Amino acid sequence: MLHIYNSLTRKKELFKPIDADNVRMYVCGMTVYDYCHIGHARVLVVFDMVYRYLRHLYGGEHVTYVRNVTDIDDKIIKRAQEKGETYTDLTSHFIAAMHEDARALGVRPPSGEPRATASMEQIISMIQILMEKGYAYKGSNGDVFYDISRFSPYGRLSGKRIAELRSGERVAVEEAKDDPLDFVLWKAAKPGEPCWDSPWGKGRPGWHIECSAMSTHCLGDHFDIHGGGLDLQFPHHENEIAQSEAATGCKFVNYWMHNGFVRVDDEKMSKSLGNFFTIRDVLQQYDAEVVRYFILASHYRSPLNYSDQQLDNARAALITLYTSLRDLDLPVEPGDVVSNSTAQRFYAALNDDFNTPEAMAVLFELAREINRLQSGGQTAEAVRQGAILRQLGGLLGLLQNSPQRFLQHGGVVGVPALDDEQIEQQIAARNRAREAKQWAEADRIRDALKTKGVILEDDAGVTRWRRE
RNA sequence: GGCUGGGUGGCAGAGUGGUUAUGCAGCGGCCUGCAAAGCCGUCUACCUCGGUUCGACUCCGGGCCCAGCCUCCA
(Lines give C-alpha, C1' and ligand atoms only; values in the text may rest on other atoms or scores of the structure.)
Protein backbone atom coordinates (compact mmCIF):
# COMPACT_ATOMS: atom_id res chain seq x y z
CA MET A 1 0.00 0.00 0.00
CA LEU A 2 1.71 3.11 -1.24
CA HIS A 3 1.74 6.10 1.07
CA ILE A 4 2.80 9.50 -0.17
CA TYR A 5 3.69 12.58 1.83
CA ASN A 6 1.25 15.19 0.62
CA SER A 7 2.58 18.74 0.83
CA LEU A 8 -0.99 19.98 0.90
CA THR A 9 -1.85 18.24 4.16
CA ARG A 10 1.72 17.82 5.47
CA LYS A 11 1.00 14.18 6.19
CA LYS A 12 1.72 10.83 4.70
CA GLU A 13 -1.46 9.60 3.10
CA LEU A 14 -2.55 6.35 1.54
CA PHE A 15 -2.35 6.77 -2.21
CA LYS A 16 -5.70 6.14 -3.85
CA PRO A 17 -5.73 6.89 -7.55
CA ILE A 18 -8.77 8.55 -9.04
CA ASP A 19 -8.71 5.88 -11.73
CA ALA A 20 -6.42 2.90 -11.26
CA ASP A 21 -6.58 2.30 -15.00
CA ASN A 22 -5.06 5.71 -15.61
CA VAL A 23 -2.92 7.09 -12.81
CA ARG A 24 -1.95 10.63 -13.72
CA MET A 25 1.06 12.65 -12.65
CA TYR A 26 2.28 16.08 -13.73
CA VAL A 27 5.71 17.47 -12.92
CA CYS A 28 6.95 20.98 -13.57
CA GLY A 29 9.88 20.62 -15.88
CA MET A 30 12.57 22.92 -17.02
CA THR A 31 12.72 26.47 -18.26
CA VAL A 32 15.05 25.94 -21.15
CA TYR A 33 17.46 28.86 -21.25
CA ASP A 34 20.54 27.03 -19.97
CA TYR A 35 21.96 23.58 -19.38
CA CYS A 36 20.38 21.48 -16.66
CA HIS A 37 22.19 21.44 -13.33
CA ILE A 38 22.22 18.80 -10.61
CA GLY A 39 19.11 20.29 -9.07
CA HIS A 40 17.28 19.60 -12.30
CA ALA A 41 18.82 16.15 -12.35
CA ARG A 42 17.25 15.51 -8.98
CA VAL A 43 13.77 16.37 -10.21
CA LEU A 44 14.25 14.27 -13.32
CA VAL A 45 15.56 11.25 -11.43
CA VAL A 46 13.25 11.43 -8.42
CA PHE A 47 10.07 11.62 -10.46
CA ASP A 48 11.40 9.07 -12.89
CA MET A 49 11.71 6.75 -9.90
CA VAL A 50 8.15 7.61 -8.88
CA TYR A 51 7.00 6.98 -12.43
CA ARG A 52 8.75 3.60 -12.54
CA TYR A 53 7.25 2.56 -9.25
CA LEU A 54 3.75 3.63 -10.25
CA ARG A 55 4.18 1.64 -13.46
CA HIS A 56 5.24 -1.30 -11.35
CA LEU A 57 2.17 -0.97 -9.14
CA TYR A 58 -0.47 -0.16 -11.75
CA GLY A 59 1.06 -1.44 -14.98
CA GLY A 60 2.94 0.47 -17.61
CA GLU A 61 -0.15 1.14 -19.68
CA HIS A 62 -2.03 2.59 -16.74
CA VAL A 63 0.20 5.49 -15.76
CA THR A 64 0.36 8.82 -17.57
CA TYR A 65 3.26 11.06 -16.71
CA VAL A 66 3.41 14.56 -18.11
CA ARG A 67 6.42 16.82 -17.67
CA ASN A 68 6.22 20.18 -19.33
CA VAL A 69 8.81 22.41 -20.94
CA THR A 70 8.68 26.14 -20.37
CA ASP A 71 9.96 27.50 -23.64
CA ILE A 72 8.89 31.12 -23.36
CA ASP A 73 9.52 33.50 -20.47
CA ASP A 74 11.48 36.59 -19.52
CA LYS A 75 14.75 34.79 -18.93
CA ILE A 76 14.56 33.04 -22.26
CA ILE A 77 13.92 36.31 -24.06
CA LYS A 78 16.75 38.00 -22.20
CA ARG A 79 19.23 35.18 -22.83
CA ALA A 80 18.36 35.03 -26.51
CA GLN A 81 18.93 38.75 -26.82
CA GLU A 82 22.28 38.47 -25.06
CA LYS A 83 23.36 35.71 -27.36
CA GLY A 84 21.98 37.43 -30.42
CA GLU A 85 19.84 34.54 -31.53
CA THR A 86 16.16 33.86 -31.82
CA TYR A 87 14.51 32.53 -28.73
CA THR A 88 13.42 29.42 -30.62
CA ASP A 89 17.02 28.63 -31.56
CA LEU A 90 17.96 29.04 -27.94
CA THR A 91 15.19 26.85 -26.60
CA SER A 92 15.53 24.11 -29.17
CA HIS A 93 19.23 23.87 -28.36
CA PHE A 94 18.60 23.53 -24.63
CA ILE A 95 15.66 21.19 -25.07
CA ALA A 96 17.90 18.86 -27.03
CA ALA A 97 20.57 19.16 -24.35
CA MET A 98 18.04 18.40 -21.65
CA HIS A 99 16.92 15.28 -23.48
CA GLU A 100 20.52 14.14 -23.77
CA ASP A 101 21.09 14.66 -20.05
CA ALA A 102 17.89 12.90 -19.11
CA ARG A 103 18.68 9.95 -21.32
CA ALA A 104 22.17 9.68 -19.86
CA LEU A 105 20.70 9.55 -16.36
CA GLY A 106 18.41 6.70 -17.35
CA VAL A 107 15.29 8.86 -17.14
CA ARG A 108 12.41 7.33 -19.05
CA PRO A 109 10.73 9.73 -21.44
CA PRO A 110 7.46 10.97 -19.94
CA SER A 111 4.18 10.07 -21.63
CA GLY A 112 3.79 13.67 -22.69
CA GLU A 113 6.02 16.70 -22.79
CA PRO A 114 3.90 19.72 -23.66
CA ARG A 115 5.49 23.07 -24.40
CA ALA A 116 4.09 26.43 -23.48
CA THR A 117 4.45 27.85 -26.97
CA ALA A 118 2.51 24.91 -28.38
CA SER A 119 -0.29 25.30 -25.85
CA MET A 120 -1.41 28.88 -26.48
CA GLU A 121 -4.95 27.88 -27.33
CA GLN A 122 -5.47 26.16 -23.98
CA ILE A 123 -3.69 28.93 -22.09
CA ILE A 124 -5.75 31.71 -23.63
CA SER A 125 -8.93 29.78 -23.18
CA MET A 126 -8.26 29.27 -19.48
CA ILE A 127 -7.52 32.95 -18.97
CA GLN A 128 -10.74 33.75 -20.76
CA ILE A 129 -12.70 31.55 -18.41
CA LEU A 130 -11.02 33.24 -15.45
CA MET A 131 -11.98 36.63 -16.88
CA GLU A 132 -15.56 35.52 -17.43
CA LYS A 133 -15.83 34.16 -13.92
CA GLY A 134 -14.40 37.35 -12.48
CA TYR A 135 -11.15 35.90 -11.20
CA ALA A 136 -9.01 37.98 -13.51
CA TYR A 137 -8.79 41.59 -14.59
CA LYS A 138 -6.83 43.66 -17.02
CA GLY A 139 -4.43 46.06 -15.34
CA SER A 140 -3.60 49.59 -16.37
CA ASN A 141 -0.42 48.41 -18.15
CA GLY A 142 -2.26 45.97 -20.38
CA ASP A 143 -1.28 42.84 -18.40
CA VAL A 144 -3.97 40.49 -17.22
CA PHE A 145 -3.81 39.60 -13.51
CA TYR A 146 -5.31 36.98 -11.27
CA ASP A 147 -7.27 38.43 -8.36
CA ILE A 148 -6.23 36.34 -5.39
CA SER A 149 -8.81 37.91 -3.12
CA ARG A 150 -11.44 35.98 -5.08
CA PHE A 151 -9.90 32.63 -4.19
CA SER A 152 -10.31 32.04 -0.51
CA PRO A 153 -8.12 28.95 -0.06
CA TYR A 154 -5.15 30.91 -1.38
CA GLY A 155 -2.04 30.07 0.65
CA ARG A 156 -3.16 26.65 1.78
CA LEU A 157 -0.48 24.68 -0.02
CA SER A 158 2.39 26.83 1.17
CA GLY A 159 0.94 27.37 4.63
CA LYS A 160 0.89 31.10 4.19
CA ARG A 161 -1.72 33.61 5.14
CA ILE A 162 -2.36 36.48 2.84
CA ALA A 163 -1.84 39.04 5.58
CA GLU A 164 1.56 37.59 6.35
CA LEU A 165 2.52 37.63 2.72
CA ARG A 166 1.61 41.29 2.54
CA SER A 167 3.69 42.14 5.58
CA GLY A 168 6.62 40.23 4.11
CA GLU A 169 6.38 42.04 0.83
CA ARG A 170 9.89 42.56 -0.47
CA VAL A 171 9.33 43.46 -4.06
CA ALA A 172 8.69 46.79 -5.58
CA VAL A 173 4.95 47.03 -5.92
CA GLU A 174 3.62 46.78 -9.42
CA GLU A 175 1.25 49.69 -9.70
CA ALA A 176 -0.86 48.12 -12.40
CA LYS A 177 -2.07 45.46 -9.96
CA ASP A 178 -5.01 45.92 -7.62
CA ASP A 179 -3.12 43.95 -5.01
CA PRO A 180 0.63 43.34 -4.86
CA LEU A 181 0.00 39.63 -4.43
CA ASP A 182 -1.99 39.33 -7.63
CA PHE A 183 0.03 37.61 -10.29
CA VAL A 184 0.19 37.94 -14.02
CA LEU A 185 -1.72 35.64 -16.36
CA TRP A 186 -0.99 37.38 -19.61
CA LYS A 187 1.86 39.72 -20.23
CA ALA A 188 1.46 42.44 -22.85
CA ALA A 189 4.26 42.36 -25.38
CA LYS A 190 6.84 45.08 -25.55
CA PRO A 191 8.15 45.98 -28.99
CA GLY A 192 10.36 43.30 -30.45
CA GLU A 193 9.32 40.60 -28.00
CA PRO A 194 7.89 37.28 -29.12
CA CYS A 195 4.14 37.45 -28.86
CA TRP A 196 0.85 35.75 -29.58
CA ASP A 197 -2.56 37.21 -30.35
CA SER A 198 -5.10 37.19 -27.59
CA PRO A 199 -8.36 38.91 -26.64
CA TRP A 200 -6.21 41.25 -24.53
CA GLY A 201 -3.80 42.13 -27.27
CA LYS A 202 -0.45 40.71 -28.30
CA GLY A 203 1.51 39.19 -25.51
CA ARG A 204 2.68 36.01 -23.84
CA PRO A 205 1.47 33.91 -20.94
CA GLY A 206 2.59 34.41 -17.38
CA TRP A 207 4.59 31.53 -16.05
CA HIS A 208 2.02 29.95 -13.76
CA ILE A 209 -0.87 29.71 -16.19
CA GLU A 210 0.90 27.42 -18.62
CA CYS A 211 1.12 24.63 -16.07
CA SER A 212 -2.55 24.94 -15.17
CA ALA A 213 -3.52 24.89 -18.82
CA MET A 214 -1.20 22.10 -19.90
CA SER A 215 -1.79 19.82 -16.93
CA THR A 216 -5.57 19.99 -17.09
CA HIS A 217 -5.48 19.69 -20.86
CA CYS A 218 -3.28 16.58 -20.79
CA LEU A 219 -4.59 14.92 -17.63
CA GLY A 220 -8.06 16.31 -17.01
CA ASP A 221 -9.33 18.89 -14.56
CA HIS A 222 -8.64 16.62 -11.60
CA PHE A 223 -5.63 14.34 -11.44
CA ASP A 224 -3.57 12.40 -8.92
CA ILE A 225 -0.06 13.70 -8.40
CA HIS A 226 1.62 17.02 -9.08
CA GLY A 227 5.32 17.28 -8.42
CA GLY A 228 8.22 19.65 -8.63
CA GLY A 229 11.05 21.19 -6.69
CA LEU A 230 10.39 22.58 -3.24
CA ASP A 231 11.00 26.08 -4.50
CA LEU A 232 7.93 25.82 -6.70
CA GLN A 233 5.59 25.25 -3.80
CA PHE A 234 5.20 28.98 -3.46
CA PRO A 235 4.18 30.85 -5.43
CA HIS A 236 4.07 28.66 -8.52
CA HIS A 237 2.02 25.74 -7.28
CA GLU A 238 -0.11 27.91 -5.04
CA ASN A 239 -0.98 29.95 -8.11
CA GLU A 240 -1.64 26.85 -10.17
CA ILE A 241 -4.21 25.71 -7.65
CA ALA A 242 -5.86 29.12 -7.63
CA GLN A 243 -6.04 29.28 -11.42
CA SER A 244 -7.09 25.72 -12.05
CA GLU A 245 -9.71 25.38 -9.36
CA ALA A 246 -11.20 28.75 -10.18
CA ALA A 247 -11.38 27.89 -13.87
CA THR A 248 -12.61 24.30 -13.61
CA GLY A 249 -14.66 24.58 -10.46
CA CYS A 250 -13.31 21.30 -9.16
CA LYS A 251 -10.43 20.01 -7.13
CA PHE A 252 -7.16 20.22 -9.05
CA VAL A 253 -4.71 17.73 -7.56
CA ASN A 254 -4.95 15.09 -4.83
CA TYR A 255 -1.28 14.65 -3.90
CA TRP A 256 1.40 17.33 -4.06
CA MET A 257 4.99 16.13 -3.97
CA HIS A 258 8.02 18.37 -3.57
CA ASN A 259 11.61 17.23 -3.72
CA GLY A 260 14.27 18.87 -1.58
CA PHE A 261 17.14 20.98 -2.82
CA VAL A 262 20.60 20.07 -3.87
CA ARG A 263 23.15 21.92 -1.81
CA VAL A 264 26.77 22.80 -2.25
CA ASP A 265 28.69 23.65 0.89
CA ASP A 266 25.45 23.79 2.80
CA GLU A 267 24.02 26.36 0.49
CA LYS A 268 21.22 25.85 -1.96
CA MET A 269 22.42 25.16 -5.48
CA SER A 270 20.71 27.58 -7.77
CA LYS A 271 21.13 29.53 -10.90
CA SER A 272 20.79 32.81 -9.08
CA LEU A 273 23.56 31.93 -6.62
CA GLY A 274 25.73 30.73 -9.48
CA ASN A 275 27.01 27.77 -7.46
CA PHE A 276 25.58 25.11 -9.73
CA PHE A 277 27.15 22.19 -11.51
CA THR A 278 25.61 21.21 -14.80
CA ILE A 279 24.74 17.61 -15.42
CA ARG A 280 27.08 17.47 -18.37
CA ASP A 281 29.97 18.81 -16.30
CA VAL A 282 29.47 16.15 -13.69
CA LEU A 283 29.15 13.44 -16.33
CA GLN A 284 32.65 14.33 -17.46
CA GLN A 285 33.82 13.10 -14.12
CA TYR A 286 31.37 10.42 -13.05
CA ASP A 287 29.38 7.70 -14.72
CA ALA A 288 25.72 8.66 -15.10
CA GLU A 289 24.64 5.69 -13.03
CA VAL A 290 26.82 6.95 -10.19
CA VAL A 291 25.03 10.30 -10.34
CA ARG A 292 21.70 8.54 -10.32
CA TYR A 293 22.69 6.42 -7.34
CA PHE A 294 23.90 9.51 -5.51
CA ILE A 295 20.54 11.21 -6.02
CA LEU A 296 18.50 8.24 -4.85
CA ALA A 297 20.75 7.51 -1.89
CA SER A 298 19.01 10.31 -0.01
CA HIS A 299 15.28 10.53 0.57
CA TYR A 300 13.70 12.78 -2.03
CA ARG A 301 12.43 15.30 0.51
CA SER A 302 15.77 15.66 2.31
CA PRO A 303 18.47 18.06 1.29
CA LEU A 304 21.06 16.48 -0.96
CA ASN A 305 24.63 17.61 -0.48
CA TYR A 306 26.73 17.63 -3.59
CA SER A 307 30.40 16.79 -3.13
CA ASP A 308 33.05 14.65 -4.74
CA GLN A 309 33.14 12.55 -1.62
CA GLN A 310 29.45 11.77 -2.00
CA LEU A 311 29.89 10.80 -5.62
CA ASP A 312 32.92 8.68 -4.78
CA ASN A 313 30.87 6.97 -2.13
CA ALA A 314 28.08 6.30 -4.60
CA ARG A 315 30.54 4.79 -7.00
CA ALA A 316 32.01 2.51 -4.34
CA ALA A 317 28.53 1.36 -3.40
CA LEU A 318 27.66 0.53 -7.00
CA ILE A 319 30.91 -1.39 -7.35
CA THR A 320 29.87 -3.52 -4.40
CA LEU A 321 26.48 -4.25 -5.94
CA TYR A 322 27.81 -4.96 -9.40
CA THR A 323 30.56 -7.16 -7.99
CA SER A 324 27.94 -9.46 -6.54
CA LEU A 325 26.34 -9.77 -9.98
CA ARG A 326 29.42 -10.09 -12.09
CA ASP A 327 29.81 -13.85 -12.33
CA LEU A 328 26.14 -14.63 -12.59
CA ASP A 329 24.67 -15.75 -15.87
CA LEU A 330 21.54 -13.65 -15.59
CA PRO A 331 18.76 -13.79 -18.13
CA VAL A 332 18.88 -10.84 -20.49
CA GLU A 333 15.20 -10.12 -20.03
CA PRO A 334 14.07 -9.60 -16.45
CA GLY A 335 11.21 -12.03 -16.91
CA ASP A 336 8.37 -12.41 -14.47
CA VAL A 337 8.11 -10.30 -11.40
CA VAL A 338 9.78 -12.31 -8.74
CA SER A 339 9.34 -11.84 -5.09
CA ASN A 340 10.65 -13.10 -1.81
CA SER A 341 10.71 -11.76 1.69
CA THR A 342 13.69 -9.54 0.90
CA ALA A 343 11.92 -8.11 -2.11
CA GLN A 344 8.89 -7.49 0.06
CA ARG A 345 11.01 -5.31 2.30
CA PHE A 346 12.22 -3.40 -0.72
CA TYR A 347 8.65 -2.73 -1.79
CA ALA A 348 7.69 -1.81 1.75
CA ALA A 349 10.42 0.82 1.73
CA LEU A 350 9.21 2.35 -1.52
CA ASN A 351 5.63 2.16 -0.33
CA ASP A 352 6.66 4.34 2.58
CA ASP A 353 6.80 7.61 0.66
CA PHE A 354 9.45 6.32 -1.73
CA ASN A 355 12.10 5.63 0.88
CA THR A 356 14.89 4.88 -1.57
CA PRO A 357 17.73 4.84 1.02
CA GLU A 358 16.01 2.07 2.88
CA ALA A 359 15.23 0.26 -0.35
CA MET A 360 18.91 0.44 -1.23
CA ALA A 361 19.84 -1.10 2.10
CA VAL A 362 17.80 -4.11 1.01
CA LEU A 363 19.81 -4.28 -2.22
CA PHE A 364 22.99 -4.63 -0.20
CA GLU A 365 21.52 -7.42 1.84
CA LEU A 366 20.66 -9.20 -1.38
CA ALA A 367 24.18 -8.66 -2.65
CA ARG A 368 25.63 -10.19 0.49
CA GLU A 369 23.29 -13.16 0.18
CA ILE A 370 24.37 -13.67 -3.42
CA ASN A 371 28.02 -13.60 -2.40
CA ARG A 372 27.38 -16.16 0.31
CA LEU A 373 25.54 -18.44 -2.08
CA GLN A 374 28.27 -18.07 -4.65
CA SER A 375 31.04 -19.01 -2.28
CA GLY A 376 28.90 -21.87 -1.04
CA GLY A 377 28.60 -23.18 -4.57
CA GLN A 378 24.86 -22.65 -4.75
CA THR A 379 25.04 -21.09 -8.16
CA ALA A 380 21.46 -21.66 -9.23
CA GLU A 381 20.11 -19.96 -6.15
CA ALA A 382 22.66 -17.17 -6.52
CA VAL A 383 21.41 -16.57 -10.05
CA ARG A 384 17.85 -16.46 -8.80
CA GLN A 385 18.72 -13.90 -6.15
CA GLY A 386 20.80 -12.00 -8.67
CA ALA A 387 17.82 -11.72 -10.96
CA ILE A 388 15.81 -10.30 -8.08
CA LEU A 389 18.57 -7.84 -7.25
CA ARG A 390 18.74 -6.59 -10.78
CA GLN A 391 15.01 -6.40 -11.08
CA LEU A 392 14.62 -4.39 -7.89
CA GLY A 393 17.51 -2.18 -8.94
CA GLY A 394 15.64 -1.60 -12.16
CA LEU A 395 12.77 -0.04 -10.26
CA LEU A 396 15.27 2.60 -9.21
CA GLY A 397 16.76 2.71 -12.69
CA LEU A 398 19.97 1.12 -11.40
CA LEU A 399 22.00 -2.04 -12.04
CA GLN A 400 20.88 -2.43 -15.63
CA ASN A 401 24.39 -2.24 -17.06
CA SER A 402 26.50 -5.31 -17.53
CA PRO A 403 28.56 -5.71 -14.35
CA GLN A 404 31.73 -6.07 -16.38
CA ARG A 405 31.05 -2.90 -18.29
CA PHE A 406 30.43 -0.96 -15.11
CA LEU A 407 33.38 -2.37 -13.19
CA GLN A 408 35.82 -1.89 -16.03
CA HIS A 409 34.55 1.35 -17.49
CA GLY A 410 32.10 3.00 -15.13
CA GLY A 411 33.88 5.99 -13.75
CA VAL A 412 36.84 6.42 -16.01
CA VAL A 413 37.51 10.02 -16.84
CA GLY A 414 38.59 10.63 -20.38
CA VAL A 415 40.91 8.20 -22.09
CA PRO A 416 42.22 5.52 -19.74
CA ALA A 417 45.95 5.09 -19.33
CA LEU A 418 45.74 1.55 -20.66
CA ASP A 419 43.22 0.08 -23.03
CA ASP A 420 41.60 -3.27 -22.42
CA GLU A 421 43.99 -5.14 -24.69
CA GLN A 422 47.07 -3.75 -22.99
CA ILE A 423 45.64 -4.75 -19.65
CA GLU A 424 44.94 -8.28 -20.86
CA GLN A 425 48.51 -8.56 -22.12
CA GLN A 426 49.89 -7.51 -18.76
CA ILE A 427 47.65 -9.99 -17.00
CA ALA A 428 48.85 -12.78 -19.30
CA ALA A 429 52.47 -11.85 -18.59
CA ARG A 430 51.80 -11.79 -14.88
CA ASN A 431 50.08 -15.16 -14.94
CA ARG A 432 53.09 -16.68 -16.71
CA ALA A 433 55.23 -15.31 -13.90
CA ARG A 434 52.83 -16.70 -11.34
CA GLU A 435 52.95 -20.15 -12.90
CA ALA A 436 56.72 -20.00 -12.62
CA LYS A 437 56.28 -18.82 -9.03
CA GLN A 438 58.15 -15.64 -9.87
CA TRP A 439 56.21 -13.71 -7.27
CA ALA A 440 58.35 -10.59 -7.39
CA GLU A 441 57.75 -10.20 -11.10
CA ALA A 442 54.04 -10.97 -10.74
CA ASP A 443 53.70 -8.38 -8.00
CA ARG A 444 55.65 -5.83 -10.00
CA ILE A 445 53.17 -6.12 -12.86
CA ARG A 446 50.22 -5.92 -10.53
CA ASP A 447 51.63 -2.83 -8.82
CA ALA A 448 52.39 -1.25 -12.18
CA LEU A 449 48.80 -1.79 -13.27
CA LYS A 450 47.57 -0.35 -10.01
CA THR A 451 49.40 2.87 -10.64
CA LYS A 452 47.53 3.02 -13.95
CA GLY A 453 44.24 2.62 -12.10
CA VAL A 454 43.71 -1.07 -12.78
CA ILE A 455 42.97 -3.46 -9.93
CA LEU A 456 43.55 -7.18 -10.34
CA GLU A 457 41.68 -9.93 -8.56
CA ASP A 458 42.86 -13.53 -8.72
CA ASP A 459 40.02 -15.88 -8.15
CA ALA A 460 39.59 -19.58 -8.82
CA GLY A 461 42.20 -19.70 -11.51
CA VAL A 462 40.88 -16.59 -13.24
CA THR A 463 42.35 -13.12 -12.99
CA ARG A 464 39.78 -10.38 -13.27
CA TRP A 465 40.37 -6.69 -13.52
CA ARG A 466 38.48 -3.51 -12.92
CA ARG A 467 39.30 0.14 -12.96
CA GLU A 468 39.34 1.94 -9.66
C1' G B 1 9.84 39.31 11.50
C1' G B 2 6.12 35.23 9.71
C1' C B 3 5.84 30.17 8.03
C1' U B 4 8.06 25.22 7.00
C1' G B 5 11.58 21.33 7.74
C1' G B 6 15.75 19.54 10.32
C1' G B 7 19.84 18.55 14.25
C1' U B 8 21.91 10.43 14.41
C1' G B 9 28.33 7.09 15.08
C1' G B 10 34.97 9.24 11.38
C1' C B 11 31.93 10.58 6.75
C1' A B 12 27.22 9.85 4.20
C1' G B 13 22.38 8.47 5.39
C1' A B 14 17.60 5.58 7.11
C1' G B 15 14.66 4.27 11.11
C1' U B 16 12.37 2.89 15.79
C1' G B 17 9.08 3.78 22.61
C1' G B 18 12.72 -1.51 24.98
C1' U B 19 16.10 -5.92 20.19
C1' U B 20 22.00 -5.08 13.83
C1' A B 21 19.73 0.09 9.30
C1' U B 22 22.74 0.38 5.09
C1' G B 23 27.18 2.20 2.34
C1' C B 24 32.21 4.11 2.70
C1' A B 25 36.31 4.31 6.10
C1' G B 26 38.82 1.67 10.73
C1' C B 27 40.07 -2.77 13.52
C1' G B 28 40.37 -8.45 14.15
C1' G B 29 39.70 -13.20 11.69
C1' C B 30 38.90 -16.63 7.36
C1' C B 31 40.41 -17.08 2.31
C1' U B 32 45.10 -15.85 -0.82
C1' G B 33 52.06 -17.24 -2.71
C1' C B 34 51.09 -12.07 -1.27
C1' A B 35 47.10 -9.07 -2.51
C1' A B 36 42.24 -7.82 -4.25
C1' A B 37 37.25 -9.28 -3.96
C1' G B 38 34.16 -11.90 -0.75
C1' C B 39 32.59 -13.90 3.99
C1' C B 40 32.50 -13.73 9.57
C1' G B 41 33.18 -10.64 13.80
C1' U B 42 33.92 -5.70 15.80
C1' C B 43 34.69 -0.17 17.63
C1' U B 44 32.75 5.20 17.01
C1' A B 45 25.60 7.53 17.60
C1' C B 46 21.23 9.75 18.28
C1' C B 47 22.06 18.98 19.85
C1' U B 48 20.54 20.73 24.97
C1' C B 49 17.29 21.18 29.31
C1' G B 50 12.87 19.57 31.47
C1' G B 51 8.28 16.36 31.27
C1' U B 52 5.34 11.73 30.25
C1' U B 53 6.79 6.38 30.82
C1' C B 54 8.73 0.47 34.04
C1' G B 55 11.83 2.27 29.96
C1' A B 56 12.97 7.72 25.00
C1' C B 57 17.48 8.72 20.20
C1' U B 58 12.16 7.74 19.24
C1' C B 59 6.27 11.12 22.38
C1' C B 60 5.34 16.35 24.72
C1' G B 61 7.26 21.35 26.15
C1' G B 62 11.33 25.18 26.51
C1' G B 63 16.20 26.50 24.64
C1' C B 64 20.30 26.61 21.18
C1' C B 65 21.86 25.84 16.19
C1' C B 66 21.12 24.93 10.80
C1' A B 67 18.54 25.00 6.17
C1' G B 68 14.43 26.52 3.05
C1' C B 69 10.17 29.62 1.66
C1' C B 70 8.01 34.65 2.10
C1' U B 71 11.60 37.50 -4.93
C1' C B 72 13.17 34.43 -10.70
C1' C B 73 14.77 29.43 -9.33
C1' A B 74 14.04 22.06 -9.72
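Chain naming here is simple, since letters A, B, ... match the order of the sequence lines and numbering starts at 1 in each. Treat the numbers as computed from the prediction; the structure is a model and nothing was measured.
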The side chain of [X] lies closest to which of these nucleotides: [options]?
| X | options | answer |
| --- | --- | --- |
| A:Glu358 | B:rA14, B:rG68, B:rA37 | B:rA14 |
| A:Phe364 | B:rU22, B:rC70, B:rC72 | B:rU22 |
| A:Gln309 | B:rC11, B:rG38, B:rA14 | B:rC11 |
| A:Pro357 | B:rA74, B:rC39, B:rA14 | B:rA14 |
| A:Glu365 | B:rC70, B:rU22, B:rA74 | B:rU22 |
| A:Asp458 | B:rA36, B:rG23, B:rC34 | B:rC34 |
| A:Asp231 | B:rA74, B:rC24, B:rA14 | B:rA74 |
| A:Phe234 | B:rC69, B:rA21, B:rG38 | B:rC69 |
| A:Asn259 | B:rG33, B:rA74, B:rA21 | B:rA74 |
| A:Leu230 | B:rG23, B:rG38, B:rG68 | B:rG68 |

* Measure up the A:His93 and A:Tyr35 rings against each other and bin them: parallel (under 30°), tilted (30 to 60°), perpendicular (over 60°). => perpendicular
* Asked: A:His37 vs A:Phe276 aromatic rings, parallel, tilted or perpendicular, using cut-offs 30° and 60°?
  -> tilted
When you measure from the side-chain N and O atoms of [X] to the phosphate of [N], is any distance below 4.0 Å, counting only OP1 and OP2?
| X | N | answer |
| --- | --- | --- |
| A:Arg263 | B:rG68 | no |
| A:Thr320 | B:rC24 | yes |
| A:Asn371 | B:rC39 | yes |
| A:Arg372 | B:rC40 | yes |
| A:Ser302 | B:rA14 | yes |
| A:Gln310 | B:rG13 | yes |
| A:Lys268 | B:rC69 | yes |

Select base, sugar-phosphate, or nothing to describe what [X] touches, counting heavy atoms under 4.0 Å on all strands.
| X | answer |
| --- | --- |
| A:Gly229 | sugar-phosphate |
| A:Leu456 | base |
| A:His258 | nothing |
| A:Phe261 | base |
| A:Arg430 | base |
| A:Val27 | nothing |
| A:Ser375 | nothing |
| A:Arg464 | nothing |

Is there, by distance only and without an angle test, a donor paired with an acceptor across the side chain of [X] and the base of [N] below 3.5 Å?
| X | N | value |
| --- | --- | --- |
| A:Asp447 | B:rC34 | no |
| A:Arg446 | B:rC34 | yes |
| A:Asn355 | B:rG15 | no |
| A:Arg42 | B:rA74 | no |

* To do: Give the rounded distance in Å between these two atoms: CG of A:Asn305 and P of B:rG68.
  => 11 Å
* Asked: Between B:rA37 atom C1' and A:Asp459 atom CG, what is the distance in whole Å?
  -> 7 Å
Is there a Watson-Crick or G-U wobble partner for [N] with both distances under 3.5 Å, and which nucleotide is it?
| N | answer |
| --- | --- |
| B:rU44 | none |
| B:rC24 | B:rG10 |
| B:rU4 | B:rA67 |
| B:rC73 | none |
| B:rC30 | B:rG38 |

* Does A:Gly29 or A:Met360 map to a spot on RNA chain B nearer the 5' end, using the closest nucleotide for each? -> A:Met360
* 5' precedence on RNA chain B between A:Tyr5 and A:Arg466 (nearest-nucleotide basis) -> A:Tyr5
* To do: Report yes if the distance between the aromatic ring centroids of A:His208 and A:Tyr146 is under 6.0 Å, otherwise no.
  => no
* Taking the six-membered ring for Trp, are A:Phe252 and A:Phe223 ring centroids under 6.0 Å apart? -> yes
Assess whether a salt bridge exists between [X] and [Y], defined as any Lys/Arg side-chain N lying under 4.0 Å from an Asp/Glu carboxylate O.
| X | Y | value |
| --- | --- | --- |
| A:Glu365 | A:Arg368 | no |
| A:Asp74 | A:Arg204 | yes |
| A:Arg430 | A:Asp458 | yes |

* To do: Kindly confirm or rule out a cation-pi arrangement of A:Arg301 over A:Tyr5, judged by NZ or CZ under 6.0 Å from the six-membered ring centre and within 45° of its axis?
  => yes
